[in-house]
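Each remark here refers to the structure printed beneath this line.
None of the values given here were measured: they were computed from a predicted structure. All ligand and atom numbering here is 1-based and tracks the order in the structure.
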Amino acid sequence: MNIVILCYHRIGGSGVVAYEIGRAMAEERGHNVHFMGLEPPFRLKEDDSSNMKFHKVQVKEYPVFDYQPYDLALASQLSIIIKRFCIDVIHSHYALPHAVSALLARDISGKKNVRCVTTLHGTDITVVGAHPGMMDITRYAIEKSDVATAVSSSLVRDSERVLGITPGKIVPVYNFINPRFFNPSLKPIDCDNGKNKIVILHLSNLRSVKRPLDVIKIFHGIHKAMQGRQPVELRVVGEGPLQYEMMAEVEKLGLESHVQFLGVRSNIGGVMACCQLLLLPSQQESFGLAALEAMACGVPVVASRVGGLPEVIEDGRSGVLFTVGNTDEAAEKAVKLLKDRELYDSVRQAGIETALEKFSMDKIVDQYEALYKGDSH
Ligand code: GMT
């Protein structure tokens, strides 16, 4: 098949998953894959398989425009790509604007047989799509797609509830990780776990939806409980609007020598390889790819019981869940895990197995391939 993948190139779960689907389709299944966007997905490399291409969307800068019409440029240029490369499938990640641009491009090209597949990732429904001014176009994009998928059953339900989508229209297809980048045997980077130090990780874009200040509060609770027993350190990976509030909270609680802000890192697996716990206290998370990445690396996750996280983590077996905002509960559960070696090892092992089995890359790519081909689902 000739496949176009539309995704956001910035570091973030949706771009990672979109790239990995494209890579697997091209490298492992022999399809031709065309990524389109403003920049290539960040994992796409020049020496990647020759049946993977990137087409940059060229947006006309013109002073009359208050903003540059990216979505229209994408639709227009995608219609050219559809004809030039005999495209069979357009897979749009994130409803807006990609799914709308895809439908428009198909119409412009006149190629009615092109299959439009749309994958919903989360805030495209819960934030962007939930805005009254955006609801109708988001619903339109989903209903008119030949196939719509969401990354968890929770997001399927949210989409039906928020947008009134026809039940059964959206099918759940889970996210997955590439085991080459996330596994329990990766070479650790920045490891100075001298004196048996416990390293706790938080990884996000530090926006309010991730509740990054809760990370500091939870860590404070763990630090107090572990005093005199084992040194603990928090590593924060990523950057975003709340990073300075986090630093202020660290200072207020006198934790400066126990918290490191590492900024954006590309080798996340390597960072995870020297961590013992991941904290993910998000307000909302349709899936929580970072949780799955950590589980695959053998790092147990302490996460809020929201959105799709209970589908990724089975509470008490393959990780730990707590009530969103209850930082005391989170710290208590984290400490229990860290103090009980047997429990810790069994949670760690169950996380590794879950990542490989329930979220197997091959199984999930099979599901997408069947949807691309129009096999019944
Ligand atoms: O919507 C966002 O916050 C960004 C988006 C992304 O592009 O990474 O995250 C969403 O999609 C991820 C990949 O499917 C999920 O793992 C995240 O849980 C989801 N974020 C939210 O629901 C807040």
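One distance of note links CG of L44 with NZ of K53; it measures 11.5 Å at 0.5 Å rounding. How far OG of S204 is from CG of L242: 9.0 Å, rounded to the nearest 0.5 Å.
Pairs of residues two or more places apart, or lying in two chains, that qualify as side chain to side chain donor-acceptor pair (under 3.5 Å) and include a residue from residues 103-114 are R106-D146.
Here the shortest heavy-atom pairing between E160 and P167 reads OE2-CA, 3.5 Å.
Taking H9 as the reference, nothing meets the side chain to side chain donor-acceptor pair (under 3.5 Å) condition, with sequence neighbours excluded. The ring pair (Phe, Tyr, Trp, His ring centres under 6.0 Å) search around F65 returns Y62, not counting sequence neighbours.
Contact residues for ligand 1 (protein heavy atom closer than 4.0 angstrom to any ligand atom): G12, G13, S14, Y94, H121, G122, T123, V151, N175, R207, Q284, E285, S286, F287, G288, L289.
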